[in-house]
Visitor: 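Structure below; questions to follow.
All ligand and atom numbering here is 1-based and tracks the order in the structure. What you see is a predicted model; the values in this text were computed from it and never measured.
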Amino acid sequence: MKIICIGRNYADHAKELGNQVPSEPVVFLKPQSAILSHKHPFYIPEWTQDVHHEVELVVKLDRLGKTISEAHAPRYYSEVALGIDFTARDIQSKLKAKGHPWERAKAFDGSAVIGQFMSLESLGKPVQDLRFSLKNHDDVVQKGHTADMLFSVDRLIAEVSKFMTLKVGDLIFTGTPAGVGRIKSGDRLVGNLEGHDLFAVNIK
Ligand code: ZN
């Protein structure tokens, strides 16, 4: 399986990092080894001083497809989760300045937190009308509404499947809203989707 990630998919987040709003999706990958094992803490790597949390809606593909049209895209997924795209912002800034790929800052072990999946049917709402948040202990640090995505889930599936076959079990991290910030030892991050806590991660 592969983890497809979308950068700058919420205008307010693009703005907080001083990035332009993109005219087409910004796409990068994380390897399977990036997945943080269930209920394990996240250990901040020693080579970065500035890991940020990015809470994101995660969509799981449950059908194989290539060059999927936006109209047909809803047939390719039925479950969503929340996740964190941990990002070593200091490393990413250096890579961006050099025009290099982002993998050192985005694809490291434990950088993909994936919560419990829920069916859209059980959520009872369309994928573009889901509200989510990230809390650090009792403080809400990020809040999002999937209606604010620049590129909808269906559009993302259409765009990505133009150049990459999507397989059963592949995941799409759909981008983060504003409010990203540095994590530190002792933090406890809890992701909530439509009233359901879907993950809790302790930071060490
Ligand atoms: Zn992200």
Visitor: If only side-chain N and O atoms count, and only distance matters, is there a donor-acceptor pair under 3.5 Å linking S133 with N192?
Guide: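 Note: N192 and S133 side chains miss the donor-acceptor criterion.
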
Visitor: Do H145 and D129 have side-chain N/O donor and acceptor atoms under 3.5 Å apart?
Guide: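 Short answer, yes.
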
Visitor: Within a radius of less than 6.0 Å around NZ of K66, do more than 12 heavy atoms belonging to other residues, nucleotides or ligands occur?
Guide: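 For K66, atom NZ is crowded (more than 12 foreign heavy atoms under 6.0 Å).
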
Visitor: Sort by chain and number the protein N/O/S atoms found under 2.8 Å from the Zn ion (ligand 1).
Guide: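 Near the Zn ion (ligand 1), the protein supplies E54 OE1, E56 OE2, D85 OD2.
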
Visitor: Only distances under 3.5 Å count here; give the side-chain donor-acceptor pairs of residues 91-99 to other protein atoms, sequence neighbours excluded, each with its distance to 0.1 Å.
Guide:
residue, atom, partner, partner atom, Å
Q92, OE1, R89, NH1, 2.9
S93, OG, R89, O, 2.9
K96, NZ, N19, OD1, 3.4

Visitor: Should the heavy atoms of other residues, nucleotides or ligands under 6.0 Å from CZ of R63 be counted, would the total exceed 12?
Guide: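 For R63, atom CZ is crowded (more than 12 foreign heavy atoms under 6.0 Å).
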
Visitor: Y77 and D170: side-chain donor and acceptor closer than 3.5 Å?
Guide: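 Side-chain D/A pair, Y77 to D170: absent.
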
